[in-house]
Amino acid sequence: MKVADLPLPQTLKTRYAERGIENLYPPQEACVAAGIFEKKNLLCAIPTASGKTIVAEMVMHRHIADGGKCLYIVPLRALASEKFEDFSGKGAKVGVATGDLDRPDAYLGRNDIVVATSEKVDSLLRNGAPWLSKITLLVVDECHLIGSPDRGATLEMVIAKLLMKNPGMQVIALSATVGNPGAIAGWLNAALVTSEWRPVDLREGVYFEGAIHFAEREDRTVAGKSRYDDLNLVLDTVAEGGQCLVFVSSRRNAEAFAKRAAGGLKLSEPALDTASAAIEHEAQTDLGRTLALCVRNGAAFHHAGLSSAERHIVEEGFRNGSIRVISSTPTLAAGLNLPARRVVIRDYLRFGDGGMAPIPVGEYKQMAGRAGRPHLDPYGEAVLIAKTADAVNDLFENYIDAPPEEIASQCNAENALRSHVLSLIATAFCRSRPDVLAFMDRTFYAYEHQGRRSTIHETIERVIDWLCDKEMVTALGDRLEATEYGTLVSRLYIDPRSAETIVDALAKAPDFADLGLLETLARTPDMLTLYLRKDDYEVIYRFIDEHIDELWTGLPYGDDEMQAFFCSVKTAMLLLNWSEEVTEAMICERFNVGPGDIHNKVETAVWLIHAASRLASLFKRPFAQPIADLEIRVKHGIKKELLPLIKLRGIGRVRARRLFNAGLTTPEELRAAGIGALVPVLGEKTAASVLAQVEGKGGGKTAPPEKDEAPRSRQAFLSAFCGDEE
DNA sequence: GGCACAGCATTTTAGACAGCATGTC
DNA sequence: CTAAAATGCTGTGCC
């Protein structure tokens, strides 16, 4: 089937032709045959890289040509940006909406295609974005994620809400291969296309004692260049001109393997030196220095502790072929499109609740699917490593030949329902108990449990009772209505339990204290706390003792409660360090985290502090202002004294501190000092722009993020935080 | 006394969504 | 349903 014959706008056909896309892949033809251009719903469950995105894109352009509007839901922000780039420049107006990339609602609605994360869509629904009712085509990427325990319910609810809101809307769901595609297709009233077809041949095998064993072809011997099996697998592929992805179970393993690979590869190329230098330039941290060292030799590691700059350099280096191997935690498994000729799934056991557990088949398939770069590799290889002869068969049985898991709805979980039921009521999607039950009847959960006994009605009743008890919802007979509090919680998009934790703490707090609030926020279910290490206990205990007046809660009883408390205090300590201008490197060292972790914690904290300030203006007025100040401080990582300066555009953490230390502490003082005094501190260009602002009565702030090069302190390790001497 | 090393004990452990209010080149 | 690997420490044996 030829692209040229499809009912598509000429612009798109031209763009495809330029990229050499002339014929459809077989699964894509099946999608066309399933009636995607006749507004039929579709569930397309085929392997990665077999052209799902293009199927969706073609249908989107068909809709746009007919005056429609498309919403493309993705699970990750990075994916949203990637799809945004993909779809842009092909004749459609494209927009992104994620928590960090946002446009005003009305502006967003002017696009033909909006790419958004599921949570963002949910939030837009809660905040009543009017253009959502104009969506004629919904594309759900990675649709199998409705089975994910933590975020699946949101995706399912968003789909259900949109289906209810826009009855004529076409749905295209794209999914990895799953165990029960028929069930999902049935729920969506969609035609089902499944296929194992891939543009690049995928060979799945198990390595054991010097050779990769395949089911349907000869073993492949791997030269024993080193004493490490995993390294040999990498060197083998690199020698052949390919690249390698190695999936491991922990950050430490990822780093250790990258070092080993760097030693084995010992490459030396200008491109690698450039990338390494770029990382070194960024790096004030041990992690960065280690990474730079690895990259110089052609290897890298990848996990959530990397700063976004470091991640970007590693991904780009791999994409352009200079970095030969990345050892990665699951970050890369589900994220960006970063294929490699050989994928080594080295660790198929991962730590979880109650010990090491084998990763799910679906996750294996996802990682294996990364093997083989279309048009670049002659084939792709996915290799598991067996440690014993017995394991070889087990691995074939449990992964390579195993059927992927079935997807199950996560909508009967009380934790998820609390938030979603509240939003249904707050947005007047549902106005009574029967309404809520009727709505839930349209979910995948209900479809799955047709004619079977289920407990969801009881769960819903319990959740509604809880919401009433906490005064987020009022009930008058069957009629339900959200209170001002409940509406706010729904719009803030925080877990109702988090709201309760915050409101409760605010009510009990005698005086405002930064630490008190931060510890409260770290205790909410919306913030994951840091891991507690053995040596931390004593330090944290002493810290609590010294700061007991600033904490809004005393020592709890019970071991688990105590441990949770220590975790939240530790997390609050990190945030406090950050807002006291402790350097990134120092925080990394003290808390044993990476720059990426700091960023994540800070981002979550800023979101929750904002929520807290809104809740405070409802329940504890006097706290609203100090909370708003803290929000700015945590956002920029500055002490209180820099608050006046940070308001200026172009002034971030570093420059504000430099100005302050130069004796310029307010915009007024900057104006009085004049350009001559500013240039030595800020450089000519920034000085001029800042001066223009203070002379023009100061402007609003949309400052670019600043590089972190704050002054160094001499403290090291968490113990130094208390200023103690052992 | 000092060093090497076996063997036992302790420690550590993945990831990443979300607000708001503005207008835009 | 379910832990494993790396690191730290201690005691022993040997020179």
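No hydrogens, no waters, no symmetry mates; every other heavy atom, side chains included, goes into these values. Letters A, B, ... mirror the listed sequences (proteins, then strands); counts begin at 1.
Checked against side-chain hydrogen bond (donor to acceptor under 3.5 Å, both in side chains), A/N415 has the following partners two or more places apart in sequence or in another chain: A/R418, A/R497. For A/E406, the side-chain hydrogen bond (donor to acceptor under 3.5 Å, both in side chains) test picks out no residue, with sequence neighbours left out.
Applying the side-chain hydrogen bond (donor to acceptor under 3.5 Å, both in side chains) rule to pairs touching residues 599-618 of chain A yields A/R77-A/E603, sequence neighbours excluded.
For A/F257 and C/dA6, the CZ to C1' distance is 17 Å, given to the nearest whole Å. Atoms NZ (A/K93) and P (B/dT24) sit 18 Å apart, rounded to a whole Å. Protein atom CG of A/N592 is 14 Å distant from nucleotide atom C1' of C/dT7, rounded to whole Å. In this entry the distance linking CE of A/M356 with C1' of B/dT11 reads 14 Å, nearest Å. Here the P atom of nucleotide B/dT12 and the CD atom of A/E255 are 16 Å apart, to the nearest Å.
At a threshold of 4.0 angstrom between heavy atoms, the contacts of A/R110 include nucleobase atoms, whether or not backbone atoms are also involved.
A/H303 places no side-chain N or O within 3.5 Å of a backbone atom of A/T329 that could act as its donor or acceptor partner.
Atom OH of A/Y541 has 12 or fewer heavy atoms from other residues, nucleotides or ligands within 6.0 Å.
Look at A/R523 and A/E519 and you find a salt bridge, because one of the NZ, NE, NH1 or NH2 atoms lies within 4.0 Å of a carboxylate O, short of that distance.
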Counting primed atoms plus P, OP1 and OP2 as sugar-phosphate and everything else as base, spell out the protein contacts along nucleotides 14-19 of chain B at 4.0 Å heavy-atom distance: B, S or - for each nucleotide, 5' to 3'. BSBBBB
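For B/dT22, there is no paired base (Watson-Crick or G-U wobble, both distances below 3.5 Å). With a 3.5 Å ceiling on both atom-pair distances, B/dA16 lacks any Watson-Crick or G-U wobble partner.
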Using Watson-Crick and G-U wobble pairs whose two distances are both under 3.5 Å, how do you write the pairing of DNA chain C as dot-bracket, with | for links to another strand? ..|||||||||||||
Ignoring hydrogens and angles, write down the donor-acceptor pairs under 3.5 Å from the side chains of residues 88-96 of chain A, residues two or more places apart or on other chains.
| residue | atom | partner | partner atom | Å |
| --- | --- | --- | --- | --- |
| A/S88 | OG | A/F84 | O | 2.7 |
| A/K90 | NZ | A/E57 | OE1 | 3.3 |
| A/K90 | NZ | A/E57 | OE2 | 2.9 |
| A/K90 | NZ | A/D86 | O | 3.0 |

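Residue whose closest nucleotide on DNA chain C sits further toward the 5' end, between A/P358 and A/K387: A/P358.
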Kindly determine whether A/T427 and A/K161 satisfy side chain to side chain donor-acceptor pair (under 3.5 Å), including the steps that lead there. CA-CA 11 Å; A/T427 51; A/K161 284 188 205 175; 5.5 Å; no
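For the residue pair A/S419 / A/R126, a side-chain donor-acceptor distance below 3.5 Å is found, with atom types taken as modelled.
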